[in-house]
Number of protein chains: 2
Amino acid sequence: MLARRTQRQILHTGHPAHPALPASQPHQIAFYTANKEIYGQGERASALYQVEFGAVRLYRLLADGRRQISAFHVAGEVFGFEGDGHHHFFAEAICNCAVRIYRQPLDAQLACEMLPIALKALVRAQEHLLVIGRQSAAERVAAFLLDLHERQGGLPQVELAMSRTDIGDYLGLTIETVSRVLSRFRSQGYIRLKGTRTVELVRTEALRALCM
Amino acid sequence: MLARRTQRQILHTGHPAHPALPASQPHQIAFYTANKEIYGQGERASALYQVEFGAVRLYRLLADGRRQISAFHVAGEVFGFEGDGHHHFFAEAICNCAVRIYRQPLDAQLACEMLPIALKALVRAQEHLLVIGRQSAAERVAAFLLDLHERQGGLPQVELAMSRTDIGDYLGLTIETVSRVLSRFRSQGYIRLKGTRTVELVRTEALRALCM
DNA sequence: CGTAATGTTGACAAGGGTCAAGCTTAGTGG
DNA sequence: CCACTAAGCTTGACCCTTGTCAACATTACG
């Protein structure tokens, strides 16, 4: 059903499934199919977005098409605050997903709510700089798997919403390198691959030791 | 004189040389000599810092000593907001420098002032991810020189406050690679080196073309 | 002026990128 | 329900950029 939608759909609701921004006014939910743009670089930033279900990627492009994904966002997470009134990044749906949109003036109360979210995003971005700037391919992939692992509640089964291309563009690697590292982790018994998008972490401590 | 100080010095003043945080209470200025720690990872975060003169580096370390500098801050810039009450990074003086320290409770007014600063830092960090994740050594160094160039008001002479080691740790490169790229830029006529810490940008447009 | 820290350059090695071929999976239509 | 196709993924061979190690040069400082 969702896969057939080519336009985004808007509907109104007052019952968020995840903790909503407390200061929130009436808001909308928008649905997007895989790879649909949520907003584009340079567009006027006029709202905050909270993922209801599915997953979203934020990225930037170089002139020749090289892409860096700066963050993935999953259910409950907020994105789209970008300061000076214009988006500096692209936001796209990774898979079919729903996004709650908050349009409201930036007042003191909203600033108080946004600040901790923005600071958390800042810490995440700066930690990611360490991963990309100073860690090897294996360390990056291990850190990525462990990050998803934690965000999915610590279950051994980790579901990858994103393609190898997305993972590569997030970690500053090529898809071939990502694939090779995953294959090596499997042959080392660190993980089991159940289909290309499901990873079972078998030796979590070994992965953790890798990226200390 | 300053170089002789081994402890930081505190003094009080009410006349900032740069735009201060408007909501500021009485505050202090602290002096640091080169390589002195301003705060450490894990320390309780209880203040905001504004560079009065000199330059500061923020960084993180891996267990084996690999270092990633996430940002340099120069006169007028604010740093040290880190959300959940603890610093996630180290802050150190690059050279002799003075830092204005604001200690005050986080209220709505302060949140309103901090939000745009935090968002700007976030955008900078995410842009830096693109540089480190997807650009070659030459592109990274070019982007770095142009960034300093702009922050120093567009003068052709760019003063490097930091060592090659710092530049390497900021760009995710080794000092040897940084040095080689600078030498190549010089032999290509893109820059002139007047001592190791002064770079004159001769063909700015060539550098700009490099990192598009 | 001498010493230590910092920076440069060269030779070599290795990690990861590129290109290409083949394999899997999911989606489509007969 | 199966076969076909296209997209996504894996694997191999090769190469290039950058890292490593080492020697030397330069600068800063006592």
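Fair warning: this is a prediction, and the values are worked out from it, not measured in the lab.
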Requested in this report: Report the residue from A:Y170, A:F79, A:Y59 that forms a ring-ring contact (aromatic ring centres under 6.0 Å, His included) with A:F72.
Outcome: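 For A:F72, the ring-ring contact (aromatic ring centres under 6.0 Å, His included) check succeeds only for A:Y170.
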
Rounded distance in Å - [atom1] ([X]) to [atom2] ([N]):
X	N	atom1	atom2	result
B:L182	C:dT9	CG	C1'	13 Å
A:Q135	C:dG16	CD	P	11 Å
A:I175	C:dG17	CD1	P	11 Å
A:I167	D:dG8	CD1	P	13 Å
B:R164	C:dT9	CZ	C1'	13 Å
A:N96	C:dG27	CG	P	11 Å
B:D169	C:dG7	CG	P	12 Å
B:L193	C:dT6	CG	P	18 Å

Query - Along DNA chain D (nearest heavy atom to each residue), the more 5'-positioned of B:R184 and A:M162 - result: A:M162

Requested in this report: Would you kindly compare A:G195 and A:A137 by the position of their nearest DNA chain C nucleotide and give the one closer to the 5′ end?
Outcome: A:A137

Compare side-chain N and O positions of [X] against OP1 and OP2 of [N] and report whether any pair is under 4.0 Å apart.
X	N	result
A:R197	D:dG8	no
B:T177	D:dG19	yes
B:S183	C:dT9	yes
B:R180	D:dT18	no
A:T174	C:dG17	yes

So what does [X] touch, heavy atoms closer than 4.0 Å: a base, only the sugar-phosphate, or nothing?
X	result
A:L173	sugar-phosphate
A:G172	sugar-phosphate
B:R186	sugar-phosphate

Query raised in the report: Taking the inter-plane angle between the rings of B:Y49 and B:Y39 on a 0 to 90° scale, is it parallel (under 30°), tilted (30 to 60°) or perpendicular (over 60°)?
Result: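 If you compare the ring of B:Y49 with that of B:Y39, the planes turn out tilted.
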
Query raised in the report: Quick one: does NZ or CZ of A:R60 land under 6.0 Å from the six-membered ring centre of A:F89, within 45 degrees of the ring axis?
Result: yes

Query raised in the report: Between D:dG19, C:dT8, C:dG7, which nucleotide has the shortest distance from any of its atoms to the side chain of B:S163?
Result: C:dG7

Query raised in the report: Any N or O donor-acceptor pair linking the side chain of A:E176 to the base of D:dC9 at under 3.5 Å?
Result: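 There is none.
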
Query raised in the report: Heavy-atom distance under 4.5 Å between the side chains of B:V51 and B:V74, does that happen here?
Result: no

Report task. Please say which of A:R164, A:R66, A:R67 ends up in a salt bridge (Lys or Arg N to Asp or Glu O under 4.0 Å) with A:D169. Result -> A:R67

